[in-house]
Chemist: 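Below is the structure I would like to discuss, written out as structure tokens.
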Protein chains: 2
Amino acid sequence: MLDLADDVLPYPPSEADPDRRGKPFVASVGKCFQVLKAFRRGQTELRQRDLGLSEICKLSGLDKSAAQRFSETLVTLGYLEKDPGTRRYRPGIALIDFYYTFMVSHRLAQIAMPILIEASKVYDTTVNLCEMEGTDAIYTVRIPQAKASYGTMLAGRRVPAFCASPGTVMLAHMPEDEADAVLAASDLRKITEYTLTDIPALKAQMAEARRLGYHVSDQQSQIHNVSTAAPVLLMDGRAVAAVHIPGYAPQWNLESVHEKLVPLAVDTARRISDSLTDAM
Amino acid sequence: MLDLADDVLPYPPSEADPDRRGKPFVASVGKCFQVLKAFRRGQTELRQRDLGLSEICKLSGLDKSAAQRFSETLVTLGYLEKDPGTRRYRPGIALIDFYYTFMVSHRLAQIAMPILIEASKVYDTTVNLCEMEGTDAIYTVRIPQAKASYGTMLAGRRVPAFCASPGTVMLAHMPEDEADAVLAASDLRKITEYTLTDIPALKAQMAEARRLGYHVSDQQSQIHNVSTAAPVLLMDGRAVAAVHIPGYAPQWNLESVHEKLVPLAVDTARRISDSLTDAM
DNA sequence: ATGAAAGTATCGCATTGTGATACATAGTTT
DNA sequence: AAACTATGTATCACAATGCGATACTTTCAT
């Protein structure tokens with residue numbers, strides 16, 4: 001039995017944040033999102049798609065009454081579904097609406113999509129677009145390949161920025177103080193035995209990524225995965241995203257990745273950068 | 001200038017609903033989602049990605065104070081972003097999290113994904129998976145093609161069930177009273193000049209779809225689009241989803257769609273149905 | 001300059017959410 | 001079966017919290 005709870009989640013979510021102090025904040029809204037987030041934790045920590053009320057309590061940090069109020073509210077709104085038999089809750093299909101709301105107005109994704117699709121056909125590989133959010137890189141566009149695993153096909157996945165190639169490359173092409181702040185806020189724990197966790201080594205790696213214009217991560221976030229990333233840059237040199245192409249063993253190794261996937265990633269990222277600046 | 005507002009959205013969202021009466025409901029939560037929904041309306045009705053506070057008021061039905069409170073709350077939580085210069089709000093990247101939360105636990109999508117990818121390669125076409133939500137068909141999985149338009153690549157898009165082939169085919173394979181209820185609740189307005197809007201004609205069309213096991217819609221929801229859909233069925237014959245393959249003119253016409261896309265859609269849907277029942 | 005419209009801040013009131021408690025139901029163990 | 005435990009549901013008095021009218025500030029058009 002896993003021990004949940006306790007690292008009780010960032011709530012109340014600000015009053016700590018510098019420039020959010022004093023802004024109006026409706027606590028109930030924060031709590032409802034704690035409930036929705038509980039399902040994500042439930043999936044990673046408990047490996048189950050549906051949660052009972054008491055599990056929601058533990059994972060959200062809310063008491064029983066609150067958990068019930070918010071869960072039922074979310075059911076009424078369609079964002080959770082409730083199995084009448086088991087009385088357990090699960091994510092509702094209406095949640096997809098917000099993905100659409102975000103993506104449909106996301107110019108970067110719109111521009112990148114056809115270019116990424118083309119790129120995926122070159123070697124029949126998965127190709128992803130990543131963007132920074134806090135200390136994570138989030139996959140926003142993924143062009144899937146039939147043989148890939150389901151989890152690696154889904155947009156919305158998060159990976160700690162410090163230990164994955166898209167993160168490295170975005171941190172590298174970012175004002176240094178911002179990058180430092182991200183590293184400082186990151187939970188620097190080893191994901192695999194190859195994960196770098198000390199700041200100087202990470203900064204050296206970032207410097208090299210900046211120099212080369214790409215980064216190859218050798219099993220630092222996943223065993224048997226040598227993955228490449230190249231930055232999508234604005235004219236001022238800031239990275240707004242990264243193109244990420246994973247290469248899985250045994251099909252790909254460090255050498256073939258350098259020979260084939262690196263140029264592809266760099267070129268794809270550059271084409272996106274160009275289209276982006278043209279469009280402005 | 002479009003007149004917005006007024007059809008002030010279904011709020012308070014239940015007390016009307018039969019079996020949701022008396023369930024605890026936190027009004028603030030409902031209102032925060034009104035704000036998020038406002039962005040979707042803003043995109044379709046105003047064609048703009050970001051909204052000012054007063055636009056949020058109109059589109060959400062909230063007063064100025066409430067709109068501000070909830071918008072700022074959502075900014076603090078990361079679900080909206082605010083441009084400091086223009087003071088306008090736009091959807092935040094964190095919204096993607098909920099897509100992931102839903103999809104990662106969605107067995108149907110997991111099973112369907114590789115099968116849909118295979119299908120998309122046969123004629124290099126877009127292939128979609130749709131599911132019912134209220135009176136709409138929602139696209140939950142989409143395998144994009146480079147030449148397609150961005151809007152048709154995004155999961156989360158909704159189409160009224162009555163006038164699109166995936167909807168027709170799902171309604172057809174549904175207990176009749178449920179299908180009738182959906183039609184009754186639908187806003188039966190012509191989308192194109194070919195849209196059927198009278199119930200008997202729609203029911204005849206559904207009957208034929210049930211008989212054939214697929215449906216081809218000829219420009220009923222979009223001009224120059226002849227699209228095919230076939231139902232994904234459980235063992236009891238109920239549809240849980242539909243495979244949808246659009247065929248755009250001039251590349252595709254009614255004849256070539258029948259010859260090629262119909263068998264592909266039917267076969268793909270059947271393979272998903274089989275995998276689904278195997279997995280249980 | 002002037003005015004209108006949009007955005008932000010303030011604050012007393014009472015509505016609304018709160019959470020302790022009690023009750024009901026499901027699932028397990030003896 | 002009965003007894004027990006855990007989990008889910010309902011109730012309710014209190015006051016904290018969200019409410020929204022008002023006033024203030026900024027921005028943009030004229």
Side-chain angles (χ1 to χ4, degrees), chain A residues 1-5 8 11-15 19-35 38 42 46 48 50-77 80-90, chain B residues 1 4-5 8 11-15 19-35 38 42 46 48 50-77 80-90:
Chain A
M1 177 89 183
L2 273 161
D3 69 319
L4 314 160
V8 187
Y11 186 80
S14 69
E15 294 309 311
D19 42 44
R20 284 274 108 203
R21 299 188 69 89
K23 297 288 173 185
F25 187 78
V26 179
S28 303
V29 172
K31 291 178 194 170
C32 97
F33 285 108
Q34 292 298 328
V35 170
L46 297 176
Q48 51 189 36
D50 48 9
L51 298 178
L53 192 57
S54 48
E55 289 164 324
I56 294 176
C57 292
K58 287 176 202 147
L59 290 163
S60 67
L62 301 174
D63 64 40
K64 215 201 316 190
S65 296
Q68 191 199 184
R69 255 199 309 283
F70 290 106
S71 300
E72 289 297 336
T73 299
L74 289 167
V75 170
T76 300
L77 293 170
L80 290 181
E81 291 167 7
K82 187 178 186 179
D83 187 304
T86 63
R87 291 139 191 247
R88 296 173 71 79
Y89 299 85
R90 62 171 171 274
Chain B
M1 177 87 182
L4 316 159
V8 187
Y11 184 80
S14 69
E15 294 309 310
D19 42 44
R20 286 272 108 203
R21 299 188 67 90
K23 298 289 174 186
F25 186 78
V26 179
S28 303
V29 172
K31 291 178 194 169
C32 96
F33 285 108
Q34 293 298 327
V35 170
L46 297 176
Q48 52 189 37
D50 48 8
L51 297 179
L53 192 57
S54 47
E55 288 165 323
I56 294 176
C57 291
K58 287 176 200 144
L59 290 163
S60 67
L62 301 174
D63 64 39
K64 215 202 315 190
S65 297
Q68 189 197 184
R69 255 200 308 284
F70 290 106
S71 300
E72 289 297 336
T73 300
L74 289 166
V75 170
T76 300
L77 294 170
L80 290 181
E81 291 167 8
K82 186 178 186 178
D83 187 305
T86 63
R87 291 137 191 251
R88 296 172 73 77
Y89 300 86
R90 64 172 168 272

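This one's a predicted model, so the numbers in the text were calculated from it and none came from an experiment.
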Chemist: Could you give the CD-to-P distance, from E72(A) to dT18(C), as a whole number of Å?
Modeler: 15 Å
Chemist: Whole angstroms only, please: what is the CD-P distance between Q68(A) and dA22(C)?
Modeler: 17 Å
Chemist: Could you tell me the separation between the CZ atom of F70(B) and the C1' atom of dT17(D), rounded to a whole number of Å?
Modeler: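 About 11 Å, once rounded to whole Å.
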Chemist: If you compare every side-chain N and O of K31(A) against the phosphate oxygens of dG18(D) (OP1, OP2), does one of them come in below 4.0 Å?
Modeler: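 So the side-chain polar atoms of K31(A) never come under 4.0 Å of the phosphate oxygens OP1 or OP2 of dG18(D).
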Chemist: On DNA chain D, does the nearest nucleotide to G52(A) precede the nearest nucleotide to V29(A) from the 5' side, or the other way round? Give the residue.
Modeler: G52(A)
Chemist: CZ of F25(B) versus P of dT16(C): gap in Å, rounded?
Modeler: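 Checked: the CZ to P distance equals 12 Å.
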Chemist: How long is the span from the CG atom in L51(A) to the CZ atom in R88(A), to the nearest 0.5 Å?
Modeler: 6.5 Å
Chemist: Without decimals, in angstroms, what is the distance between L51(A) CG and dA6(D) P?
Modeler: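 Rounded to whole Å, this separation is 19 Å.
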Chemist: Can you measure from OG1 (T73(A)) to CZ (F33(B)) and round to the nearest 0.5 angstrom?
Modeler: 10.0 Å
Chemist: Go through the steps for I56(A) and V35(A) under the test side-chain contact (heavy atoms from CB on, under 4.5 Å), then give the verdict.
Modeler: CA-CA 7 Å; I56(A) 294 176; V35(A) 170; 4.1 Å; yes
Chemist: Less than 4.0 angstrom between a side-chain N/O of S28(B) and OP1 or OP2 of dT17(D), yes or no?
Modeler: no
Chemist: Checking side-chain contact (heavy atoms from CB on, under 4.5 Å) for the pair R87(B)/L53(B): CA distance, chi angles, key distance, verdict?
Modeler: CA-CA 8 Å; R87(B) 291 137 191 251; L53(B) 192 57; over 6 Å; no
Chemist: How long is the line joining CG of D63(A) and P of dA20(C), in whole Å?
Modeler: 6 Å
Chemist: S54(B) side chain: which of dA6(C), dT9(D), dG18(D) is closest?
Modeler: dA6(C)
Chemist: Has the side chain of R69(B) got a donor or acceptor atom sitting under 3.5 Å from an opposite partner on the base of dG20(D)?
Modeler: yes
Chemist: Quickly work out the Y89(B) OH to dG7(C) P distance and round it to whole Å.
Modeler: 8 Å
Chemist: Out of dG18(D), dG19(C), dG7(C), which nucleotide sits closest to the side chain of L53(B)?
Modeler: dG7(C)
Chemist: For K64(B) and for K64(A), find the nucleotide of DNA chain C with the closest heavy atom, then tell me which residue's nucleotide is more 5'.
Modeler: K64(B)
Chemist: If you check the S65(B) side chain, which of dT8(C), dG17(C), dA9(C) turns out closest?
Modeler: dA9(C)
Chemist: Is the distance from OP1 or OP2 of dT25(C) to the nearest side-chain N or O of R87(A) less than 4.0 Å?
Modeler: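 For R87(A), the contact criterion (side-chain N or O under 4.0 Å from OP1 or OP2 of dT25(C)) is not met.
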Chemist: How many whole angstroms separate atom CG of D83(A) from atom C1' of dA26(C)?
Modeler: 14 Å
Chemist: If I take atom CD from residue E55(B) and atom CG from residue D50(B), how far apart are they, to the nearest 0.5 angstrom?
Modeler: 8.0 Å
Chemist: Can you identify which nucleotide, out of dT18(C), dG18(D), dC19(D), has its nearest atom closest to the A27(A) side chain?
Modeler: dG18(D)
